[in-house]
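Position 1 is the first residue of the sequence, and the numbers go up from there.
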Amino acid sequence: MYDMKEKNKSRNSFRKAITWLHLWPGLISAIIVTFVCLTGTIVVYCDEIMELSAGKARFVEEVKPQRLPAEKLIEILKKELPGKRQPSYMVVYKDPKRSVRINMFSREDGLSMVYIDPYSGKILKEDRTIYFFYITAHLHNSLLLGKTGQWIVDIAVIIFLLELITGLILWWPRRWNKPTVQNSFKIKWKAPFKRLNYDLHKVLGFYALAIILVLSCTGLIIAFHPLADATIKAFGGKTGHGDEQNMPDFKENETSVSLNDAIHFAFEKYPDKKELQLATYKMETSGYYRMKVADRIGLKSAQNPEFMITDRYTGKEITLPEETIIHEKVENWLWSLHMGTWMGQLGKLITFLGGLIATSLPVTGFYIWWGKRRK
């Protein structure tokens with residue numbers, strides 16, 4: 001009898017400690033966590049919203065036998081859009097009906113996506129929707145407060161992880177019988193609001209737990225470089241980008257292989273891929289072309305990507321060390337998991353719903369606390 005009392009006392013003490021850890025750190029970080037989850041949820045469908053915003057500019061007016069050199073397209077953009085920096089990258093599509101999408105930046109207008117006809121060189125549209133997502137992503141990452149903001153967000157996410165773990169412990173039924181199972185897995189939609197709010201917090205939190213954990217952990221790994229490096233090393237990759245030092249140097253007086261030929265070579269090597277991203281930000285100073293070909297290329301990740309580097313002057317592919325390829329793929333996996341692109345539209349939907357539930361948890365949790373406080 002004495003042992004039972006001691007066990008119950010220990011169990012109650014443990015539950016009180018878990019309840020305290022679940023409540024007070026959560027209340028302190030609630031506003032930040034809600035804001036971070038909301039901004040992250042908004043960014044999930046950034047690629048689809050950008051395509052919708054681009055509209056008809058995604059397609060050319062007429063498919064012609066010959067495309068203009070990609071170098072010429074960059075020259076046209078510099079002439080027609082003065083004040084812009086060197087384009088960061090261009091995305092080329094295997095589909096001949098698609099226009100070329102080029103990422104550009106200026107201090108006055110911020111980021112924009114420029115859609116240009118690769119046959120005529122006509123600028124079809126300059127779309128600034130990307131700048132909205134750029135700002136939203138930085139609000140998500142740092143509240144637009146630089147390093148200080150990053151630390152605030154990261155600490156809030158760490159607290160949120162603690163809330164998820166303690167929440168699972170509190171959710172766990174003491175007895176697995178029919179009433180407790182129903183209370184743990186079902187929402188009573190017709191119940192009074194206070195009970196409905198409790199179910200929305202408890203039940204939805206459980207169902208979304210796995211995806212919220214993935215989003216929180218990948219976010220922290222991306223934010224903390226030592227964690228990212230440790231993850232890359234764990235998979236056998238090489239940290240940093242030191243291989244660029246071994247790449248061919250820029251030679252001002254030597255003729256370059258055309259970008260169109262380099263793009264054609266990449267699509268020939270990977271005939272099943274539909275999109276190609278070519279880095280152009282170092283085009284005036286580098287002796288190589290860096291490309292990524294994939295089924296679909298988004299803002300921060302790509303579906304089933306392959307990475308290629310070719311010599312600018314010979315057109316030959318430069319063999320990358322296995323450790324470098326692993327590095328690129330692990331980084332892409334992290335971003336795919338964090339952005340929801342890991343399973344196409346299904347992955348995005350799961351991530352979006354998980355983000356909405358994560359956004360709601362501090363709100364429903366606060367209302368539960370407020371009701372008990374008044375009582």
Side-chain angles (χ1 to χ4, degrees), residues 44-52 54 57-60 62-70 73 87-103 113 115-119 232 235-237 243 247 257-280 288-312 314-351:
V44 170
Y45 280 109
C46 61
D47 297 316
E48 288 74 14
I49 293 171
M50 283 175 53
E51 286 202 349
L52 188 65
R58 292 179 297 140
F59 300 93
V60 300
E62 180 187 357
V63 176
K64 298 179 180 178
Q66 197 70 29
R67 297 169 76 103
L68 291 174
L73 300 181
S88 301
Y89 62 81
M90 65 169 57
V91 177
V92 182
Y93 300 84
K94 183 172 282 188
D95 182 355
K97 297 178 183 177
R98 292 294 301 265
S99 58
V100 173
R101 177 163 58 102
I102 300 178
N103 179 291
M113 281 293 187
Y115 297 83
I116 186 167
D117 188 325
Y119 304 102
I232 291 167
F235 283 94
D243 290 323
M247 295 298 163
V257 171
S258 73
L259 290 176
N260 283 7
D261 286 344
I263 292 166
H264 180 71
F265 173 68
F267 274 134
E268 269 197 337
K269 181 172 181 181
Y270 300 104
D272 58 323
K273 303 301 180 186
K274 298 176 182 178
E275 303 180 15
L276 179 146
Q277 185 183 86
L278 173 70
T280 55
Y288 57 93
Y289 299 138
R290 180 181 291 275
M291 293 172 285
K292 176 167 60 180
V293 284
D295 298 338
R296 181 182 171 87
I297 293 174
L299 281 183
K300 296 300 292 185
S301 64
Q303 292 180 15
N304 304 315
E306 298 290 346
F307 303 92
M308 281 186 67
I309 292 181
T310 58
D311 189 298
R312 178 173 184 157
T314 65
K316 293 181 179 179
E317 183 177 4
I318 298 170
T319 303
L320 292 170
E322 185 66 23
E323 295 88 350
T324 300
I325 295 173
I326 291 172
H327 174 120
E328 298 288 348
K329 291 195 172 184
V330 170
E331 274 193 349
N332 188 72
W333 291 340
L334 289 171
W335 278 110
S336 293
L337 288 168
H338 196 65
M339 294 286 289
T341 58
W342 45 274
M343 200 185 289
Q345 290 304 313
L346 178 60
K348 286 208 168 191
L349 178 61
I350 292 170
T351 302

Is a side-chain N or O of [X] found less than 3.5 angstrom from the main chain of [Y], in a donor-acceptor match?
X	Y	result
Thr310	Lys316	no
Ser99	Tyr115	no
Lys273	Asn304	yes

Atom [atom1] of [X] and atom [atom2] of [Y]: how far apart are they, to the nearest 0.5 Å?
X	Y	atom1	atom2	result
Met308	Ile263	CE	CD1	11.0 Å
Glu322	Lys329	CD	NZ	8.0 Å
Arg67	Asn260	CZ	CG	7.0 Å
Met291	Tyr270	CE	OH	10.0 Å
Asn332	Gln303	CG	CD	9.5 Å
Arg101	Ile116	CZ	CD1	14.5 Å

Side-chain heavy-atom pair [X], [Y] within 4.5 angstrom cut-off:
X	Y	result
Asp95	Lys274	no
Ile350	Trp342	yes
Leu278	Val92	no
Met50	Leu299	yes
Ser301	His338	no
Ile318	Tyr289	no
Met113	Asn103	yes
Lys348	Asp47	yes

>> Tell me every residue that passes salt bridge (Lys or Arg N to Asp or Glu O under 4.0 Å) with Arg312, counting only those two or more places apart in sequence or in another chain.
In response: none
>> Run the side chain to side chain contact (heavy atoms under 4.5 Å, CB included) test against Phe59 and tell me which residues pass, sequence neighbours left out.
In response: Lys97, Arg98
>> Check Glu317 with Lys269, please: is the shortest side-chain N to carboxylate O separation under 4.0 Å?
In response: yes
>> Strictly below 4.0 Å, N to O, side chains only: are Arg296 and Glu51 in salt-bridge contact?
In response: yes
>> Looking only at the side chains, is there a donor atom on one of His327 and Glu323 sitting less than 3.5 Å from an acceptor on the other?
In response: no
> Which atom pair, heavy atoms only, marks the closest approach of Ala266 to Leu276?
Replying inline: CB-CD1, 3.5 Å
